[in-house]
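Reviewing the structure listed below.
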Number of protein chains: 2
Amino acid sequence: MGRWEPNARGRLEQAALDLYVERGFEQTTTAEIARRAGLTERTFFRHFADKREVLFGGHSALREFIVSAVASSPDSATPIDSVIGALETVGALFLVRREYSRQRQAVIDANDELRERELIKLASLASTIADVLRGRGVGDLPASLAAEAGIAVFKVAFERWISDAGDADLSRLIRESFEELKAVTAGG
Amino acid sequence: MGRWEPNARGRLEQAALDLYVERGFEQTTTAEIARRAGLTERTFFRHFADKREVLFGGHSALREFIVSAVASSPDSATPIDSVIGALETVGALFLVRREYSRQRQAVIDANDELRERELIKLASLASTIADVLRGRGVGDLPASLAAEAGIAVFKVAFERWISDAGDADLSRLIRESFEELKAVTAGG
DNA sequence: GTGGTTGATGTCAGCTGCTGTCATCACTGT
DNA sequence: ACAGTGATGACAGCAGCTGACATCAACCAC
């Protein structure tokens, strides 16, 4: 048996989410999170860069998944189809996390600082996707726009998915939103 | 003559920008900004919600301008054309502020916290634009997508404008980027 | 003009997020 | 055994930000 209880990081994540749900993000101190996880405040900051980051641990895995999905899409695919296709694939992964996603998103939506962090994660993701597209020979401007447009579609679809009372399929919402974007930009 | 020097807010903005440029955002304390402006730290926080917000004072005017431009676009215009048209118009206003914009953007780009703040301002703007479109009878989904797509175009165009060595016209870059978005989404 | 009100600022105390630094001590390999 | 490693604890301290109260010129009512 180790000197300490295992999975300190996971305990901190759980304690933080619980407290953020119970009493809100701002009303929760880092010392409280650490105490509930059976650790000290200093240790909290060894595992997470700041009080917000504890909610965004899953983002790096998501990023890697999307990057490899875009990179491995067929050469015949247009840039935007590569991006939307990758996002549809990743959308399927959210199926089983619906309730967790809702809870987490409610916490984020209730606080501006957390919304800021979420937006920069998405912007950084768009930037990475654009880089991958450029690596596939896509021009600078279309790469940026395909990536930004894809993330815009994802944002809209995700919001619909979270607020949908039923059990809509995120992948399908992404596809529908993309078709709507096509319709919206096609005019003129 | 007043009891205090006039334009305290403006002095704080100038002092903050100067210090951020001179030694970087993180290396500047709010006390230093206040001191350089001839005021106290407490007064700084009476004028600005936080250390970042001092760089985003012009955003509310920009927002109002864009909102009224979208609202007053002809009924015959499609949603995306209303948005792009409004952004083109606002783009013309940046003509005379090129050097200031570059300086300010360099400060923002050098710091993640400032980039977060900028992104939430743009996201909030997109949300407001979508609301205006809905008020004009546009459906929920197309309103969100036209607004998000418009902001995506603006982001890409603004970045090109800032990094362009010459003196490109922001309005023209917005138009070009929009045409490129059309081309990118038109496939399939 | 006397007196009350207002509004921008100053002063001060204090909490919280976050960091640097050093100590601790189970575990690991030799 | 014994030294090294790595996760954690303990403690001090800075900077961002807030609440509460004081100050005092300008303005207004009379």
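Quick note on labels: first sequence line is chain A, next is B, and so on, each numbered from 1.
Taking the charged nitrogens against the carboxylate oxygens, A:Lys51 and A:Glu41 have no contact shorter than 4.0 Å, which rules out a salt bridge. Between B:Glu179 and B:Arg175 a salt bridge is recorded (basic side-chain N to carboxylate O distance below 4.0 Å). Using a 4.0 Å cut-off between charged nitrogen and carboxylate oxygen, A:Arg172 and A:Glu176 count as a salt-bridge pair. For the pair B:Arg115 and B:Glu118, the salt-bridge criterion is not met [side-chain N within less than 4.0 Å of a carboxylate O]. In summary, B:Glu148 and A:Lys155 engage in a salt bridge, as defined by a charged side-chain N under 4.0 Å from a carboxylate O.
As rounded to whole Å, 11 Å separates atom C1' of C:dC18 from atom CZ of A:Phe44. Spacing between atom CD of B:Glu53 and atom P of D:dC17 amounts to 11 Å, rounded to whole angstrom units. Taking atom CZ on A:Arg35 and atom P on C:dG17, their separation rounds to 12 Å, with Å as the unit.
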When every nucleotide of nucleotides 3-16 of chain D is labelled 5' to 3' by its protein contacts under 4.0 Å (heavy atoms), B for base, S for sugar-phosphate only, - for none, what sequence of letters results?
---BBBBBB----S

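Counting only heavy atoms from C-beta outward, the side chains of B:Asp131 and B:Arg134 approach each other to under 4.5 Å.
Side-chain contacts under 4.5 Å among hydrophobic residues (ILVMFWY), followed directly or transitively, place A:Phe56 together with A:Leu12, A:Leu17, A:Leu19, A:Tyr20, A:Val21, A:Phe25, A:Ile33, A:Leu39, A:Phe44, A:Phe45, A:Phe48, A:Val54, A:Leu55, A:Tyr100, A:Val107, A:Ile108, A:Leu114.
Cation-pi geometry between B:Arg98 and B:Trp161 is met: under 6.0 angstrom from the ring centre, within 45 degrees of the axis.
Near-neighbour residues of DNA chain D inside residues 109-122 of chain B, defined by a heavy atom below 4.0 Å, are absent.
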